[in-house]
Structures are given as C-alpha cells and as structure tokens.
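Since the structure comes first, as structure tokens, the remarks are kept for the end.
All chains are named by letter (A, B, ...) in the order of the sequence lines, taking the proteins before the strands, and each is independently numbered beginning at 1. Predicted model only: the values in this text are computed from it and were never measured.
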Amino acid sequence: MGQTILSAHVASVRVTRGDWVATIQGLTGARIGAVERHGKQILVRLDRGLLYIHLGMTGNLLWNAPSGKYTRAILELSNGVLIYNDIRQFGRFEFYRELPANLVGVGPDALQLDFAEFFLRLKSRKGPIKPLLLNQTFISGVGNIYADEALFAARINPHTPANRLSRPRAAKLFEKIREILQIAIRHRGSSISNHVDACGEPGAFQQMHVVYGRMGSACSGCGKPIRRVVLGQRGTHYCPRCQRA
DNA sequence: CAGATCACCTGCTTGC
DNA sequence: TGCAAGCAGGTGATCT
C-alpha cells in the first residue's frame, strides 16, 4: 500500500491473456492502493486501474525472492520485488483500467456469505452438490481439495442433489466449509507438489487431508476404503459409508 | 440453461 | 532405460 511500481516485466504472454504491452504500460509507474481478495481472485487497486491476479493451479507470489524458470512476471516496487511464478500458466496477471466483467460475476465469498443466502441459493439448484461448490459464480473461494474435505466433514455424499439437502444438513456443510477454509489458511494451504506462500514456505494442510488424494486408504471414520470418482470432470474423493447417497 | 467435452500448459508418477 | 498414459490445486469456450 502506497508503494510505487518502478518497473514491470512480463515473461509469459499467456498469464496476461494476450495484452502484455497494456499490462506493462499500465503497471509501470502506478501507485498501489488497497489489496483485496474475492474468492480466489486477488485485486491490487492502483491509482490508474487495477492489477488482477489469479493463481490458477500452480501460481504463487513471492516477496523479495529470486526469479526462476517459471517466473512469469516481476514487479519492482519501491520497497522490494514481487515475483509471480506459475508452472502451468493457468493463472492470470493482468492490468485493467476498470473492474472486468468476470469479477463482477463472481459469486459471494465463502467466508462472507451468510447461511440464509447460501441455503436459499442451494434450493434453486438440482445438480450434484460437489460441482456446485466448485462453481465460483455460486460460491467463490472453494477449490477441489476443500470441497471434498468439507463434504466429508459434513458427511454428505458429493452426488447429492443440492436442492435435496435439508436445512440442518446444509447448515452443517456451510459450517464445515468455513471451518476447513479457515484451518487451511492457518496452515498456509495444501502443498501437493509445489504450492508455497509469499515467504516461500510450503503449506501443511495436506497432512490433514482425510479424503482428498487418499483413494484406497482407510476412512478415518469407519475404516472402509476411500473412493475416487470423477464428478463434474474433477477427481472426487469420499467415503461410501460415511457419506451415503 | 445445465451438463458434457475439450482446451489450455508443464511436470510428475506409474506401468509396460 | 524408455516411452506412453494418466493425473494434478482452475477456469473457459463450445456443443448438445
């Protein structure tokens, strides 16, 4: 906040979604205002627009770290260097003059939504609950790991039609989503292969996964093997006994 | 309008 | 050892 971007370098056309010239021109010389997060999206307010960052699957932001093979963007600020790394380049690092439509369309943040609204919105959806939790226009901020972990914690089968969840079961799911996100944040997230925080520290929450990535191992609740299916094109892990259909 | 199917990228693990 | 297939934290376009 209050820092100036002295220089901007973009090493990947892809993370700027094409217009890397506009990104460099827009960022160079800009003064940084508030930094906000909406779901998985990071918004850096600038005096002349905004920097939109989405880490995708393999993105990370490092403060005062050396650049590397997968560095896609570098911002030299008046008090340090911000490095954006992204192996797969599914993330974004873009300058906009105004708030883009895809941000306007993002759903309520998982940690700010209230239960009444969550339940109301659930009732209008008849598809399976798991893909709905990943739908960022429905609720933003929940990813594949946390959807599976929250559904297990609430003992809800991922195939359950959203509108068939009773109020108490929906309330339990709501509570578990928030609880798991907050615990995961406290543990700096889940490092499956390369996730690190801004200090370069890996997360520790992967040690607390009870279903995600644990296909075939014994369920912590009943001992039956954890099952993996594909639901909504995403690997989905659950216990067939503890999370009955 | 919801659901399915690819596509976008690179790397790691597994199995033959 | 080598090589192909499958998998991975997330969207986004297009077709049915």
Side-chain angles (χ1 to χ4, degrees), chain A residues 10-18 20 37-42 52-62 68-73 84-94 100-107 109-110 121-152 158-164 177 180-181 183-185 187-198 201-217 226-237:
Chain A
V10 171
S12 161
V13 173
R14 185 166 168 75
V15 298
T16 63
R17 291 300 185 273
W20 58 278
R37 179 195 62 81
H38 301 278
K40 302 176 188 174
Q41 326 195 63
I42 299 166
Y52 168 59
I53 302 171
H54 191 304
L55 302 179
M57 283 206 189
T58 53
N60 60 54
L61 288 168
L62 294 179
K69 186 178 175 186
Y70 304 110
T71 297
R72 310 303 185 185
Y84 176 61
N85 292 321
D86 191 350
I87 295 174
R88 294 175 72 181
Q89 304 180 82
F90 285 168
R92 290 171 171 227
F93 196 94
E94 307 168 85
N102 59 349
L103 263 184
V104 176
V106 89
D109 188 274
R121 290 162 66 87
L122 268 190
K123 291 201 297 189
S124 66
R125 300 297 193 121
K126 52 188 196 306
I129 184 65
K130 161 74 191 280
L132 188 61
L133 293 180
L134 297 182
N135 181 342
Q136 303 297 299
T137 64
F138 179 78
I139 181 171
S140 64
V142 180
N144 202 33
I145 293 172
Y146 305 108
D148 283 2
E149 294 296 325
L151 285 168
F152 175 81
H159 298 89
T160 311
N163 61 2
R164 299 250 290 272
I177 289 171
I180 282 173
L181 286 179
I183 295 172
I185 288 166
H187 287 81
R188 299 180 308 280
S190 307
S191 293
I192 305 299
S193 56
N194 49 61
H195 160 74
V196 289
D197 72 4
E201 282 284 301
F205 190 71
Q206 69 283 358
Q207 292 163 22
M208 296 160 80
H209 293 173
V210 288
V211 285
Y212 181 85
R214 303 186 57 85
M215 175 175 55
S217 62
I226 297 300
R227 181 177 293 172
R228 178 187 181 277
V229 296
V230 175
L231 185 51
Q233 285 66 249
R234 307 302 299 279
T236 296
H237 313 74

**Report entry** Residue A/Gln233, side-chain heavy atoms: nucleotide from B/dA4, C/dG9, B/dT10 that is nearest
**Finding:** B/dA4

Report task. Report which part of the nucleic acid A/Lys126 touches: base, sugar-phosphate, or nothing (heavy-atom distance under 4.0 Å, all strands). Result -> nothing

Query - A/Gln89 side chain, from C-beta outward: closest of B/dG3, C/dG9, B/dC9 - result: B/dC9

**Report entry** Side chain of A/Arg234 (C-beta onward), nearest among C/dA8, C/dT11, B/dT10
**Finding:** C/dT11

Query raised in the report: Do we see a donor-acceptor contact under 3.5 Å between the side chains of A/Ser12 and A/Gln89?
Result: yes

Report task. To the nearest Å, give me how far apart CE (A/Met215) and P (B/dT13) are. Result -> 16 Å

Requested in this report: Give a yes/no answer on whether the side chain of A/His54 brings an N or O atom under 4.0 Å of OP1 or OP2 in C/dT11.
Outcome: yes

Query raised in the report: With a 4.0 Å cut-off on heavy atoms, is A/Asp86 in touch with a base, just the backbone sugar-phosphate, or nothing at all?
Result: nothing

Query - Ring-on-base stacking B/dC8 with A/Phe90 (under 5.5 Å, under 30°) - result: yes

Report task. Output the single nucleotide from C/dG9, B/dG11, B/dC9 whose closest atom is nearest the side chain of A/Arg88. Result -> B/dC9

Report task. Name the closest nucleotide to the A/Arg228 side chain, picking from C/dC7, B/dC9, C/dG10. Result -> C/dC7

Query raised in the report: Taking only N and O in the side chain of A/Tyr212, is any of them less than 4.0 Å away from OP1 or OP2 of C/dA8?
Result: no

**Report entry** Nucleotide B/dG11, atom C1' - distance to CG of A/Asn85 in whole Å
**Finding:** 15 Å

Query raised in the report: Taking NZ, NE, NH1 and NH2 as the nitrogens, is one of them in A/Lys130 or A/Asp148 under 4.0 Å from a carboxylate oxygen of the other?
Result: yes

Query raised in the report: Does OP1 or OP2 of C/dG9 have a side-chain N or O of A/Lys40 closer than 4.0 Å?
Result: no

Report task. Name the orientation class of the two ring planes belonging to A/His209 and A/Tyr146 (parallel below 30°, tilted from 30 to 60°, perpendicular beyond 60°). Result -> perpendicular

Query raised in the report: Which one is paired to B/dT13, where only Watson-Crick or G-U wobble pairs with both distances under 3.5 angstrom count?
Result: C/dA5

Query raised in the report: If you check the A/Arg14 side chain, which of B/dC8, C/dG9, B/dT10 turns out closest?
Result: B/dC8

Query raised in the report: Does any non-hydrogen side-chain atom of A/Ile145 lie less than 4.5 Å from one of A/Glu149?
Result: yes

Query raised in the report: Is A/Arg14 salt-bridged to A/Asp86, going by a charged N under 4.0 Å from an acidic O?
Result: no

Query raised in the report: With distance as the sole criterion, do the side chain of A/Ser193 and the base of B/dG11 form a donor-acceptor contact below 3.5 Å?
Result: no

Report summary line: On DNA chain B, more 5' by nearest nucleotide between A/Gly127 and A/Ile87 is A/Gly127

